[in-house]
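Whatever order the structure lists ligands and atoms in, that order sets their numbers, starting from 1.
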Amino acid sequence: MNRSLDHTTSLRIAIQKSGRLTDKTIDLLHGIGIEFDNYKRNLMVKTRNFDVELLLLRDDDIPEYVQDGVCDLGFVGANEVFEKNTQVTVLRGLNYGNCRLAVASPKDSTLLNPSDFEGKKIATSYPYLTKRFFEKLGVTIEMVEISGAVEITPQLHVADAISDLVSTGGTLKANGLVERFTILESETKLIQTQQALSEGKQQLIQKFLQRIDGYQTAKKSRYILMNAPLDSVETIKTLLPSMKSPTIMPLAETEMVAIHSVIPFDQFWDVMEQLQDAGASDIVMLPIESMIA
Ligand code: PRT
Ligand code: ZN
């Protein structure tokens, strides 16, 4: 299904219609200023303010639609991209929909390490990745391909073990299974077709990526404001883990200044305690909508 030379400018983006990735993908698109509605009822949605249309699909179909150029971009789990062995370009990892494809066996099983699985039956919905993993290690397994409820197959004696997606591990535990090793770490990826795109589309993709990067950085950062005595400014500057130097403004009260900076969210609590010890007060932390460097 190769497409002829592309002169269009409207970007077509594939997203999951209804599933684990849908809400976060919609939030991200809204977060980067793309406006649309009625995505629950339609398969194709035009956006109001960006030259983008969304195609709502089953996640399994997204890698192939992007590979074939039916869609220019797609949001889909790495597990689907690599299981389908599609030729697409991964533009960004988006750090949601995180999970892993792992091998699990019953809790009293002697199947622990990959080499224990020689000649054993493994049930999975991910035959390509599972087979390739064991092949690379020179271990021959018997594959039982199942499309759902893989975790009950050992109890039914259909398989000795399973290879399935895991996030919290609750499903494995509920079925008396123990995770033994990981085949693939997965997260949602933004993928692009490798078919030739018009100049207009390429520019639009650059703009789209810049917005995504700004949104992602903003999500991981916080704006921090505080008041501090003038003589503690130097110490406070060394404590702030920001990439740029902080803004320092005089206050009406002499000998005091206001300090503003952007810091990584995961360091906020540690830093805040150190700032207090250094004399900072009235510390305020604010979320940031977006950040363009
Ligand atoms: O209808 P459609 O085909 O679009 O959706 P789907 O039902 O095939 O997929 P969906 O919506 O369940 O998952 C979409 C994507 O979410 C997957 O392809 C992964 O990239 C990602 N993801 C993240 C997960 C999980 N976490 C996950 N936990 N997909 C499935 N699971 C399963 C897991 O296998 C287990 O059965 O959820 C169950 C609960 O997991 P635990 O470990 O938290 O108990
Ligand atoms: Zn699916």
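- Taking atom 1 (O) of ligand 1 as the reference point, the nearest protein heavy-atom neighbour is R58 NE, 3.6 Å.
- Counting heavy atoms from C-beta on, the side chains of D72 and I13 never come closer than 4.5 Å.
- Checked for salt-bridge contact, R180 and D116 miss the test: no charged N lies under 4.0 Å from a carboxylate O.
- With a 4.0 Å heavy-atom cut-off, ligand 1 is reached by the side chain of L21 but not by its N, CA, C or O.
- Both the sub-6.0 Å distance and the 45° axial angle are not jointly satisfied by R222 relative to the ring of F268.
- The environment of R41 atom CZ is sparse: at most 12 non-hydrogen atoms of other residues, nucleotides or ligands sit within 6.0 angstrom.
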side-chain contact (heavy atoms from CB on, under 4.5 Å) evaluation trace for T153 with I146: CA-CA 9 Å; T153 55; I146 304 252; 3.7 Å; yes
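- For the residue pair Y96 and T25, a side-chain donor N or O sits within less than 3.5 Å of a side-chain acceptor on the partner.
- Where the criterion is an N or O separation shorter than 3.5 Å, residue side chain and backbone included, L172 fails it with respect to ligand 1.
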Step-by-step salt bridge (charged side-chain N to carboxylate O under 4.0 Å, His left out) determination, K120 to E118: CA-CA 6 Å; K120 299 296 176 190; E118 179 68 39; over 6 Å; no
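- Side-chain contact annotation: R100 with T182, donor-acceptor N/O pair under 3.5 Å absent.
- For Y65, the OH atom counts as loosely surrounded, since its 6.0 Å shell holds 12 or fewer non-hydrogen atoms of other residues, nucleotides or ligands.
- The nearest protein atom to atom 21 (C) of ligand 1, hydrogens excluded, is given as G97 O, 3.8 Å; this is a heavy-atom distance.
- With hydrogens and angles left out, the side-chain atoms of N175 and Q155 include a donor and acceptor closer than 3.5 Å.
- For atom 7 (O) of ligand 1, no protein heavy-atom neighbour is found at a distance under 4.0 Å.
- One finds no salt bridge joining R132 and E135 here, because no Lys/Arg side-chain nitrogen approaches an Asp/Glu carboxylate oxygen to under 4.0 Å.
- A salt bridge is absent between D59 and K17: the closest approach of a Lys/Arg side-chain nitrogen to an acidic carboxylate oxygen does not fall below 4.0 angstrom.
- Residues I15 and I62 fail the side-chain proximity criterion, which asks for heavy atoms closer than 4.5 Å.
- Ligand 1 has an N or O atom lying under 3.5 Å from an N or O atom of Q16, backbone or side chain.
- Here the shortest heavy-atom distance to atom 17 (C) of ligand 1, taken over D60, N79, D164, belongs to N79.
- Of all protein heavy atoms, the one closest to atom 26 (N) of ligand 1 is C99 CB, 3.5 Å.
- Scanning the protein for heavy atoms near atom 12 (O) of ligand 1, the closest one is R20 NE, 3.0 Å.
- Within the set G148, S167, S125, G19, the minimum heavy-atom distance to atom 28 (N) of ligand 1 is found for S167.
- Of all protein heavy atoms, the one lying nearest to atom 34 (O) of ligand 1 is L165 O, 2.6 Å.
- For ligand 1 and V166, the ligand atoms under 4.0 Å from any heavy atom of the residue are 42 (O).
- Shortest contact from atom 44 (O) of ligand 1 to any protein heavy atom: T171 OG1, 2.6 Å.
- For ligand 1, one of its N or O atoms has an N or O atom of D59 under 3.5 Å away.
- Salt bridge absent: K201 and E199 never bring a charged side-chain N and a carboxylate O closer than 4.0 Å.
- Atom 41 (P) of ligand 1 has as its closest protein heavy atom T168 OG1, 3.3 Å.
- Set against the non-hydrogen atoms of G170, the atoms of ligand 1 under 4.0 Å away are 42 (O), 44 (O).
- Considering only heavy atoms from C-beta on, E151 comes within 4.5 Å of D164 through its side chain.
- For ligand 1, one of its N or O atoms has an N or O atom of G169 under 3.5 Å away.
- Listed by chain and number, the protein N, O or S atoms at a distance under 2.8 Å from the Zn ion (ligand 2) are D59 OD1, D60 OD1.
- Taking every heavy atom of G77 and a limit of under 4.0 angstrom, the matching atoms of ligand 1 come to 20 (O).
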